[in-house]
Structures are given as structure tokens and as C-alpha cells.
Amino acid sequence: FFFFILVICQNLSGKMFTFPQETNTARCTVSLFFLLLFVFLFLISDWSFTDLSRTHSLFSLATQWPDSDNGFVMGKATAADTVGLYVANQGLISVLDYELNTWHSICSTWGSESGLAQLWFNGKPLVRKFISESQIDKPLVALGQEQDSYGGKFDIKQSFVGMMTDVHMWNYVLSSCEIQNYVGNLNFTPGNVLNWKALTFEKTGNVLIENKQLTCH
Ligand SMILES: *[C@@H]1O[C@H](CO)[C@@H](O)[C@H](O)[C@H]1NC(C)=O
Ligand SMILES: [Ca+2]
């Protein structure tokens, strides 16, 4: 097989990624090689739309040291209505009403030193809980696939099929009001680590960059 790999730097404002078929190849990856963080807080968020009821990854970040394919992973954890967060292979799973064929926003905050994490689902904060202390070294982010090794070993049964937009990552935690603004599609401070409005990424396989479908009220 030959897969066309493209490195793109683009302002994706108003755009979304469409993953149109179940594969273990289609993905967009972002290398954050400059990041070596020992003590920090961070916040990761995205919007997604899918009809998958099985497990799937919404954000897969692998780290080189500690060598962890599940350095920071957000996604649907099981076939039941749950959303999960994994840090350094430790999981935090919440039962939620995960409606299919509708846009959902998911945000997670995590402090590397305290090990405390919190998920926000559609703008509603869930309980803050201890997950794991860790560090992040040379993170590699994959959208569309779930890494089972650093940058590889994608499992088709954990792949994402659907649309995804507005992926941001901050190395600090926004105020609850700013998180609400993000969820409400209002003005918010774009990610300083990963910014959807200025994203340098590598596209592999069948991923389309399309205009966001706006809903009329
Ligand atoms: C990206 O595009 C949007 C909409 O066209 C614009 O408002 C924004 O300033 C642009 N951002 C950057 C970083 O160029
Ligand atoms: Ca994994």
C-alpha cells in the first residue's frame, strides 16, 4: 500500500476533519517535539460528531518518556454510554448520555503534579478526581486513530469515524467561563500548544478537510 502523507499548516477556523470510513490508517498527527514538561497543568478539548457506539478515540497522545501509548487519551471508553480519560495508562471513566449523530464537546484538565483530572462534557464539569501523576515528553498526537505504540499500532476497532473540529491544547487551565465560551462557540483564547486556527499537522489516508456544517436554529 502507498499512503499519501501530507504536511499541512493551516488555519482550520470554520473547518472540520471528516473521517469517512473505518480504517486503521486514516489520521492527522501533530508532533509536539518541543514539549518536555515535568510540572504543568493542561487542558485539551475537541468537538466530535459520530454514529459509532463502540469504543473510539477522540484524542490520542503518546509520550516518549515515560514510554506510554496512553500518555493522554480521551474517548468513548466502552460500548455503553461512557466517556473516558486515560493518563499514563490509568483510566477515569464516567457514565454519560452519549447521544449519537450529534455534536459533543469534550474537554479535560489535568495537573501533572497533583495527578488530578476533570472532564467537561458538553460544557458540564464532572467530578475532579485523581488519575495519575506523570510527565509529558515529546508528545505525539493522533486524531482519528488510537496509538498502541508511539506513532503506530492503530486498532481499527478504536478508530474514529465521523467529524471532528476545534481541537485545542493549552499548557495551563482556562477559567470555567472560558471553557463555557469554548463550548458556546464564543470567543476564547486559542490553544497555545495546539491551536486549530494555526495547525501544523500530517495527514495520512482518507481524511477530508471540509467546511463545518452549521446548524440553523
Ligand atoms: C483564522 O481565520 C479566522 C477566520 O477567517 C480569523 O478570524 C483568524 O484571525 C485567523 N487566525 C489566524 C491565527 O490566522
Ligand atoms: Ca493505546
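FYI, side chains are in, hydrogens and waters are out, and symmetry mates aren't considered; it's all heavy atoms of this structure. Numbering of ligands and ligand atoms starts at 1, following listing order.
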Go ahead and list the nitrogen or oxygen contacts between ligand 1 and the protein that come in under 3.5 Å, distances to 0.1 Å, or just say none.
| from | atom 1 | to | atom 2 | distance (Å) |
| --- | --- | --- | --- | --- |
| ligand 1 | 2 (O) | N11 | OD1 | 3.4 |
| ligand 1 | 2 (O) | N11 | ND2 | 2.4 |
| ligand 1 | 11 (N) | N11 | ND2 | 3.0 |
| ligand 1 | 14 (O) | N11 | ND2 | 3.3 |

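A cation-pi contact, defined as under 6.0 Å to the ring centre and within 45° of the axis, is absent between K76 and F121.
At a threshold of 3.0 Å, the Ca ion (ligand 2) has a backbone or side-chain N, O or S atom of N70 nearer than that distance.
Salt bridge status for E202 with R27: absent, with no side-chain N to carboxylate O gap under 4.0 Å.
Taking all atoms of both residues into account, the shortest heavy-atom contact from Y150 to P139 is OH-C, 4.4 Å.
Less than 6.0 angstrom separates the ring centroid of F17 from the ring centroid of F201.
Put simply, CG on L119 and CZ on R128 are 12.0 Å apart, with the number rounded to the nearest 0.5 Å. The distance from atom OG of S175 to atom CD of E178, rounded to the nearest 0.5 Å, is 4.5 Å.
Geometry at the Ca ion (ligand 2): O/Q147 and OD1/D148 form an angle of 80°, nearest 10 degrees. D69 contributes OD2 and E146 contributes OE1; the angle these two atoms make at the Ca ion (ligand 2) is 160°, rounded to 10°.
Between H104 and Y98, the angle of the ring planes lies from 30° to 60°, which puts this pair in the tilted group.
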